[in-house]
Number of protein chains: 2
Amino acid sequence: MQKEKVCSKKKCFSPEVIKRLSLYLRDLKNLQEQEVEVISSDEITKMLDISSAQFRKDLSYFGEFGKRGVGYEVSFLIRELEKILGIYRWWDIALVGVGRLGSALLGFSGFPQFKLRITAAFDNDRKKIGKAISGVEVKSLEEMPAVIKKGGIEIGMICVPPQFAQSIAERMVGAGIKSILNFAPVSIKLPAEGIYIANVDMACELQTLVYFLNRRH
Amino acid sequence: MQKEKVCSKKKCFSPEVIKRLSLYLRDLKNLQEQEVEVISSDEITKMLDISSAQFRKDLSYFGEFGKRGVGYEVSFLIRELEKILGIYRWWDIALVGVGRLGSALLGFSGFPQFKLRITAAFDNDRKKIGKAISGVEVKSLEEMPAVIKKGGIEIGMICVPPQFAQSIAERMVGAGIKSILNFAPVSIKLPAEGIYIANVDMACELQTLVYFLNRRH
DNA sequence: GTTTAATTGTTACATTATTCACAATCTATT
DNA sequence: AATAGATTGTGAATAATGTAACAATTAAAC
């Protein structure tokens with residue numbers, strides 16, 4: 001969506017490539033559950049709407065993972081993608097805003113599979129503080145910096161109403177958060193260099209649907 | 001993310017352009033609340049991380065909306081963007097899967113502003129059927145086709161566990177749904193031509209964050 | 001062992017998207 | 001009414017991305 005691009009000294013890949021890799025990984029894991037052992041670029045991309053050439057090209061940036069004339073060994077490719085994407089240890093997440101969406105995310109079962117876990121949740125609503133939601137105790141916002149620092153948490157999730165999002169982002173980054181997934185429907189000005197922020201705005205997604213609905217002939 | 005592209009006989013714009021327009025609209029509405037009356041491409045794009053040239057070019061695909069030497073009148077540009085995006089009437093949405101995420105979406109306050117409203121919700125859990133969540137009565141899945149047809153609903157939201165998503169999508173399209181916002185972390189094979197599907201996969205978004213976390217120097 | 005059918009990895013090409021740069025235009029000032 | 005400063009709209013230049021084509025490789029069939 002945005003032109004966000006984060007580089008290191010090494011080769012720099014666009015978020016688009018990385019997002020596709022993570023889609024491949026997701027689907028490969030599903031295939032593994034169905035006990036598929038080998039798959040061709042053609043077959044796997046039939047599910048996604050991506051060309052097989054795109055798939056092979058995406059992988060080629062990182063190495064050679066298939067066998068010509070045969071295809072890709074599912075379990076091997078999963079391991080390699082996990083290495084590329086950094087899924088070699090657990091990644092802790094701090095969530096702020098335990099409203100309906102925040103609670104839903106706390107209970108989302110899709111995270112552990114990718115070694116992602118929300119280990120801390122914060123809110124400023126007295127009624128919520130102290131309660132546990134999906135096994136995570138809700139703490140007061142004042143405790144956030146200390147908890148983030150102590151836990152070495154690097155990923156933050158913002159689920160607060162839009163008017164508070166900017167200030168929460170700044171406090172997160174001040175506490176040591178290095179990347180943010182923002183669900184508040186508002187643009188956040190990055191408070192420091194080298195912080196990666198991704199936005200999920202459901203209303204924007206829906207509006208795009210509406211546009212194309214209107215355009216169908 | 002995907003290479004999804006929907007064209008009509010008229011000029012065809014990529015979903016990327018449309019998504020940016022809808023971001024502009026969102027931020028313009030915020031500016032309007034702050035009583036900003038005129039804004040330049042430079043100022044508005046400072047918030048987003050998009051270049052001012054990109055902003056002007058995006059608009060130029062659809063017409064001329066600014067005044068040289070001056071900038072853009074906020075209220076006028078809002079009206080024009082609403083026209084372009086199709087926000088001239090209410091758009092009804094059918095939601096399937098009233099779990100935590102589904103419930104959160106039913107209560108999401110960001111939709112009405114863009115004339116989007118969830119008017120029907122479905123689940124197959126007896127305990128949920130009949131209850132009202134955020135003012136919407138949960139109905140059984142069996143009733144879905146009739147309700148969608150009767151209401152002329154064209155937008156569907158899938159919030160069910162991944163293993164059910166494909167079949168729900170097919171039943172939605174069978175009932176007349178023309179575009180789908182899918183929250184299930186699984187690839188959906190489009191059951192018919194001309195159906196637009198957008199995917200929101202939070203685990204994928206987070207994995208992209210993790211990748212860039214790992215790469216920082 | 002040779003042939004055949006399949007499928008990768010990669011180069012060259014085509015397309016799409018973004019940025020640049022500046023003429024055109026507007027407002028305010030003198 | 002002429003000038004200066006601001007800012008748009010846009011064609012041309014550049015960069016990024018995606019596609020197509022095919023040589024290289026593999027495994028299986030004969």
Side-chain angles (χ1 to χ4, degrees), chain A residues 1-7 11-24 28 31 36-78 80-81 84 208, chain B residues 1-7 11-24 28 31 36-78 80-81 84 208:
Chain A
M1 189 174 304
Q2 272 92 334
K3 190 209 47 179
E4 47 204 352
K5 187 160 297 180
V6 182
C7 302
K11 250 190 192 162
C12 164
F13 304 104
S14 79
E16 297 310 307
V17 173
I18 306 303
K19 239 173 232 170
R20 281 196 301 268
L21 291 187
S22 115
L23 279 177
Y24 304 152
L28 284 164
L31 287 167
V36 176
E37 290 182 354
V38 173
I39 194 154
S40 68
S41 59
D42 230 45
E43 284 174 89
I44 194 172
T45 53
K46 255 187 269 168
M47 311 200 277
L48 304 154
D49 66 329
I50 292 174
S51 74
S52 66
Q54 176 90 77
F55 176 84
R56 296 197 301 275
K57 185 128 208 236
D58 285 342
L59 292 182
S60 79
Y61 296 134
F62 299 91
E64 300 192 8
F65 307 106
K67 205 179 267 181
R68 294 175 190 217
V70 182
Y72 301 86
E73 203 203 315
V74 174
S75 66
F76 173 72
L77 188 50
I78 287 175
E80 291 300 313
L81 284 173
I84 294 166
T208 309
Chain B
M1 190 174 306
Q2 273 91 334
K3 190 209 49 178
E4 47 204 352
K5 187 159 295 181
V6 182
C7 301
K11 252 192 194 161
C12 165
F13 304 105
S14 78
E16 297 310 307
V17 173
I18 306 303
K19 240 172 233 173
R20 282 197 301 268
L21 291 186
S22 115
L23 279 178
Y24 304 152
L28 284 164
L31 287 166
V36 176
E37 291 183 353
V38 172
I39 194 155
S40 68
S41 59
D42 232 43
E43 285 174 90
I44 194 172
T45 53
K46 255 185 270 168
M47 312 199 275
L48 304 154
D49 67 328
I50 292 174
S51 74
S52 65
Q54 176 90 76
F55 176 85
R56 295 197 301 275
K57 184 131 246 203
D58 284 341
L59 292 182
S60 79
Y61 297 133
F62 299 91
E64 300 192 7
F65 307 106
K67 205 179 268 183
R68 296 178 187 211
V70 183
Y72 300 86
E73 204 203 314
V74 173
S75 66
F76 174 72
L77 188 51
I78 287 175
E80 292 299 314
L81 284 174
I84 294 167
T208 309

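Just so it is clear: chains get the letters A, B, ... in the order the sequence lines come, proteins before strands, and each one is counted from 1. None of these values were measured; they are calculated from a predicted model.
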Quiz item: Would one find a side-chain N or O of A:S52 under 4.0 angstrom from OP1 or OP2 of C:dT7?
Solution: no
Quiz item: Is any side-chain N or O of A:S51 closer than 4.0 Å to OP1 or OP2 of D:dT19?
Solution: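 Indeed, a polar side-chain atom of A:S51 lies that close.
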Side-chain donor-acceptor contacts of residues 62-72 of chain B below 3.5 Å, not counting sequence neighbours, with atom names and distances?
none

Would you mind reading off the distance between [X] atom [atom1] and [N] atom [atom2], rounded to a whole angstrom?
| X | N | atom1 | atom2 | answer |
| --- | --- | --- | --- | --- |
| B:F55 | C:dC20 | CZ | P | 18 Å |
| B:I39 | D:dA6 | CD1 | C1' | 15 Å |
| A:E73 | D:dA27 | CD | C1' | 15 Å |
| A:R20 | D:dT19 | CZ | P | 9 Å |
| B:L59 | C:dT18 | CG | P | 14 Å |
| B:R56 | D:dT10 | CZ | P | 11 Å |
| B:F13 | C:dT16 | CZ | C1' | 14 Å |
| B:Y61 | D:dT10 | OH | C1' | 11 Å |

Self-check item: Distance-minimising heavy-atom pair for B:L59 and B:L21
Solution: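 The pair with the smallest heavy-atom distance is CD2-CD2, 4.1 Å.
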Exercise. Would you name the heavy atoms of B:F55 and B:L77 that are closest together and state the gap between them?
Key: CZ-CD2, 4.0 Å
List the residues meeting side-chain hydrogen bond (donor to acceptor under 3.5 Å, both in side chains) with [X], not counting sequence neighbours, and say none if there are none.
| X | answer |
| --- | --- |
| A:S41 | A:R56 |
| A:T45 | none |
| B:T208 | none |

Tabulate protein N/O versus nucleotide N/O from nucleotides 26-29 of chain C, keeping only pairs under 3.5 Å, one per line.
unit_1: C:dC26; atom_1: O4'; unit_2: B:R68; atom_2: O; d: 3.0

Quiz item: With a 4.0 Å cut-off on heavy atoms, is B:S41 in touch with a base, just the backbone sugar-phosphate, or nothing at all?
Solution: sugar-phosphate
Using a 4.5 Å cut-off on heavy atoms from C-beta on, say whether the side chain of [Y] contacts that of [X].
| X | Y | value |
| --- | --- | --- |
| A:P15 | A:I18 | no |
| A:V74 | A:V38 | no |
| B:I39 | B:L28 | yes |

Sort me out a list of protein N/O and nucleotides 2-4 of chain C N/O pairs below 3.5 Å, or just none if empty.
none

For nucleotides 11-13 of chain D, tabulate all protein N/O to nucleotide N/O atom pairs closer than 3.5 Å, reporting atom names and distance.
unit_1: D:dA12; atom_1: N6; unit_2: B:K57; atom_2: NZ; d: 3.4

Quiz item: Is it the case that A:E43 and A:S40 place a side-chain donor and acceptor less than 3.5 Å from each other?
Solution: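 Present: a donor and an acceptor within the cut-off.
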Quiz item: On DNA chain D, nearest-nucleotide positions of B:A53 versus B:E43: which is more 5'?
Solution: B:E43
Practice problem: Quick one: list whatever passes side chain to side chain contact (heavy atoms under 4.5 Å, CB included) with B:S75, sequence neighbours left out. | Solution: B:Q32, B:E73, B:R79
Quiz prompt | Residue B:Y72, side-chain heavy atoms: nucleotide from C:dG9, C:dT18, D:dT8 that is nearest | solution =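 Nearest to the side chain of B:Y72 among the choices is D:dT8.
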Exercise. Starting at CG of A:L81, measure out to OH of A:Y24 and round the result to the nearest 0.5 Å.
Key: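 These two atoms lie 9.5 Å from each other.
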